[in-house]
Amino acid sequence: MGRFLTLLIGLPLSILAVALAVANRKPVTLSLDPFNPEAPALAVSLPLFAVVFGALIVGVIAGGTVVWVRQGRARREARAARKALKQAAAAAPPASPAVAGLSLPAPR
């Protein structure tokens, strides 16, 4: 089922990405100098699809990094809770079957 959904969603998106790349092959100038746009000190000429895909990749990486950093506290608390649970399980005496009430009756 998961493979089918991947194909159902991934195939049209891949076709759309290829169509975007083919339709936008002309080079554009990407200027990285905000102070002098007429004669930039650092400029690169790339196809438009490369600029769009590059921006998309940078956005995904930046978003993933922000989410990972923001979830740090939750990961730390979960690690501490697991450690406390292990310590509590190690310190507690094992329950006898008669006390637990979940044991089978003694054989005859």
Side-chain angles (χ1 to χ4, degrees):
M1 183 69 178
R3 185 175 197 138
F4 175 72
L5 285 177
T6 300
L7 284 174
L8 185 68
I9 294 170
L11 188 62
L13 285 177
S14 299
I15 291 170
L16 187 66
V18 169
L20 177 74
V22 169
N24 295 295
R25 291 177 289 170
K26 295 202 178 186
V28 294
T29 302
L30 178 64
S31 173
L32 300 174
D33 186 4
F35 302 112
N36 193 2
E38 289 81 29
L42 184 56
V44 121
S45 183
L46 296 168
L48 181 60
F49 74 87
V51 174
V52 171
F53 290 159
L56 183 68
I57 290 169
V58 168
V60 167
I61 291 172
T65 303
V66 168
V67 168
W68 182 77
V69 168
R70 289 186 59 140
Q71 290 177 348
R73 183 186 317 154
R75 286 193 309 273
R76 191 172 30 253
E77 289 173 359
R79 205 173 351 195
R82 279 194 304 269
K83 184 177 178 182
L85 185 62
K86 279 184 181 179
Q87 288 175 349
S96 66
V99 175
L102 299 177
S103 63
L104 296 173
R108 294 182 196 203

Remaining members of hydrophobic cluster (4.5 Å side-chain criterion), Ile61: Ile57
Point-to-point distance, once rounded to the nearest 0.5 Å, from OG1 of Thr6 to CG of Leu11: 11.5 Å
Members besides Ile9 in its Ile/Leu/Val/Met/Phe/Trp/Tyr cluster (side-chain heavy atoms under 4.5 Å): Leu13
Set of residues satisfying side-chain contact (heavy atoms from CB on, under 4.5 Å) with respect to Leu8, sequence neighbours excluded: Phe4, Leu5
Enumerate, atom names and distances included, each donor-acceptor pair closer than 3.5 Å involving a side-chain atom of residues 73-86, sequence neighbours excluded.
residue, atom, partner, partner atom, Å
Arg75, NH1, Trp68, O, 3.0
Arg75, NH2, Trp68, O, 3.2

same_hphob_cluster(Val52, Val44) at 4.5 Å side-chain heavy-atom cutoff: yes
Partners meeting side-chain contact (heavy atoms from CB on, under 4.5 Å) with Pro40 (sequence neighbours left out): Ser31, Asp33, Ala43
Separation of Leu42 CG from Asn36 CG (nearest 0.5 Å): 12.5 Å
Residues clustered with Val66, ILVMFWY side-chain links under 4.5 angstrom: none
With a 3.5 Å cut-off and sequence neighbours excluded, list the donor-acceptor pairs that the side chains of residues 18-25 form with protein atoms.
residue, atom, partner, partner atom, Å
Asn24, ND2, Leu20, O, 3.0
Arg25, NE, Val22, O, 2.9

Co-members of Val60 in a cluster of I, L, V, M, F, W and Y side chains, linked at under 4.5 Å: none
Residues which pass side-chain contact (heavy atoms from CB on, under 4.5 Å) with Arg3, listed by chain and number, not counting sequence neighbours: none
